[in-house]
Amino acid sequence: MGWRVEVNGMLVHEVMTAPVVAVPRDWTVRQAIRLLYEMNITAAPVVDEEGRMVGIVSEMDLLRGQFEADPRAYLRLAAPPEAPPPAGVEEVMTPNVRTARETDDVLGLVEVMITTGVKSVPVVRDTTVVGIVSRRDLMGMLAHGDERIRDDVRAALRDLSAETAETRVTVHEGVVELRGDGDERTARIADVIAQTVPGVVRVVHYP
């Protein structure tokens, strides 16, 4: 029986994408569309002249109203659009943005995404955007294979503490099992180190 089973306490700064691709608030919708497409991202913070975040804009926000019906697809002429498509990013962005801090727990951020349907959450330090976390970032973290996680945990245990260098590591479905001949203090150090490795779901330590 193991001494403990601990959920990985990964922090937001360990999974966020940085630096952030941001959209100036005075850009047109077409400029923002080109940026998101070229950078292969689904959303970006909107910032003012001082670099402070004033909103967030997504692919869906930018696409809304950008296409008109093609009369070739109908037996009648398409009606003219009721209004021209939005010209400026400020007209389509979401102004009230959910944000996270670098030291927040990733688990809390996942719960926010699940309950609200938000796909990307900017990370702020005071009023400055320092990163962004998307669903893809979280999926990428969990997609690490067991062999890679095992190798990363072994390297971390070897490089970060001489006491944990000989700890034996096995991994199954992201669950890391540690075995060593050291005392409980050494076990605690090994647990903490293993929990910092991307892709680790939880850590079990056996004496």
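From a predicted model like this one, the values you see are computed outputs, not experimental measurements. We count residues from 1, following the sequence as given.
- Between atom CE of residue Met39 and atom CZ of residue Arg34 there is a gap of 15.0 Å, rounded to the nearest 0.5 Å.
- Considering all non-hydrogen atoms of both residues, Val121 and Ala100 come closest at CG1-N, 3.8 Å.
- By the criterion of side-chain heavy atoms lying less than 4.5 angstrom apart, applied directly or through intervening Ile, Leu, Val, Met, Phe, Trp or Tyr residues, Val20 is not grouped with Leu35; the two fall into different hydrophobic clusters.
- For Val54 against Arg25, the heavy-atom pair with the smallest separation is CG1-NH1, 3.9 Å.
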Are Val175 and Val204 close enough, and set up right, to give a side-chain contact (heavy atoms from CB on, under 4.5 Å), and what steps lead you there? CA-CA 7 Å; Val175 178; Val204 184; 4.1 Å; yes

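- Cluster membership for Met93 and Ile33, using ILVMFWY side-chain heavy atoms within less than 4.5 angstrom, is shared.
- Heavy-atom neighbours of Gln31 CD from other residues, nucleotides or ligands within 6.0 Å: above the threshold of 12.
- The shortest heavy-atom contact between Val89 and Ala32 is CG2-CB, 3.7 Å.
- We find the OG1-CG distance between Thr196 and Asp191 to be 11.5 Å, quoted to the nearest 0.5 Å.
- For the side-chain contact (heavy atoms from CB on, under 4.5 Å) test with Thr94, the passing option among Val57, Asp61, Val46 is Asp61; the others fail.
- Residues Thr42 and Ser58 have side chains not in contact (no heavy-atom distance under 4.5 Å, counting atoms from C-beta outward).
- By the criterion of side-chain heavy atoms lying less than 4.5 angstrom apart, applied directly or through intervening Ile, Leu, Val, Met, Phe, Trp or Tyr residues, Leu36 is not grouped with Met60; the two fall into different hydrophobic clusters.
- Applying the side-chain hydrogen bond (donor to acceptor under 3.5 Å, both in side chains) rule to Thr128 yields no partners; only residues at least two apart in sequence or on another chain are considered.
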Would you mind writing out the side-chain donor-acceptor pairs for residues 148-161 within the sub-3.5 Å range, not counting sequence neighbours?
{"unit_1": "Ser161", "atom_1": "OG", "unit_2": "Glu163", "atom_2": "N", "d": "3.2"}

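- The shortest heavy-atom contact between Gly180 and Arg168 is N-NH2, 4.2 Å.
- Both Val106 and Ile114 sit in one connected hydrophobic cluster of ILVMFWY residues. Membership requires side-chain heavy atoms under 4.5 Å apart, directly or through other members.
- Taken from CD1 in Ile41 to CD in Glu59, the straight-line distance is 8.5 Å, to the nearest 0.5 Å.
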Evaluate the criterion side-chain contact (heavy atoms from CB on, under 4.5 Å) for residue pair Lys119 and Met113; output intermediate values, then yes/no. CA-CA 6 Å; Lys119 296 181 179 180; Met113 288 182 165; over 6 Å; no

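- How far CD1 of Ile132 is from CE of Met16: 11.0 Å, rounded to the nearest 0.5 Å.
- Not a single salt bridge (Lys or Arg N to Asp or Glu O under 4.0 Å) links Arg98 to another residue, sequence neighbours left out.
- Residues satisfying the side-chain hydrogen bond (donor to acceptor under 3.5 Å, both in side chains) criterion with Arg179, sequence neighbours excluded, are Glu177.
- The side-chain heavy atoms of Val133 and Val12, taken from C-beta on, include a pair separated by under 4.5 Å.
- Residues Asp104 and Arg101 are paired through a salt bridge, judged by an N-O separation under 4.0 Å between the basic side chain and the carboxylate.
- The shortest distance between side-chain heavy atoms of Pro122 and Val97 falls below 4.5 Å.
- Of all heavy-atom pairs spanning Met53 and Pro45, the tightest one is SD-CB, 3.9 Å.
- Under the rule for a side-chain contact (heavy atoms from CB on, under 4.5 Å), the partners of Arg136 that lie at least two apart in sequence or sit in another chain are Ser134.
- The structure places CG of Leu11 at 4.5 Å from NE2 of His13, a figure rounded to the nearest 0.5 Å.
- Residues Thr99 and Val123 are not in side-chain contact: their nearest non-hydrogen atoms beyond the backbone lie 4.5 Å or more apart.
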Evaluate side-chain contact (heavy atoms from CB on, under 4.5 Å) for Val176 paired with Val169, printing each intermediate quantity in order. CA-CA 7 Å; Val176 175; Val169 182; 4.0 Å; yes

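- Arg125 meets the salt bridge (Lys or Arg N to Asp or Glu O under 4.0 Å) test with Glu102; sequence neighbours excluded.
- Clustering ILVMFWY residues whenever any of their side-chain heavy atoms sit less than 4.5 angstrom apart, transitively, puts Val112 in a cluster other than the one holding Val129.
- Here the closest heavy-atom approach between residue Ala194 and residue Val200 is recorded as O-CG2, 3.5 Å.
- Note that the CG atom of Asn96 and the CD1 atom of Ile56 stand 12.0 Å from one another [nearest 0.5 Å].
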Could you go through Arg188 and Val192, starting from their C-alpha distance and side-chain angles, then the distance that decides it, and tell me whether this counts as side-chain contact (heavy atoms from CB on, under 4.5 Å)? CA-CA 6 Å; Arg188 284 199 301 269; Val192 171; 5.6 Å; no

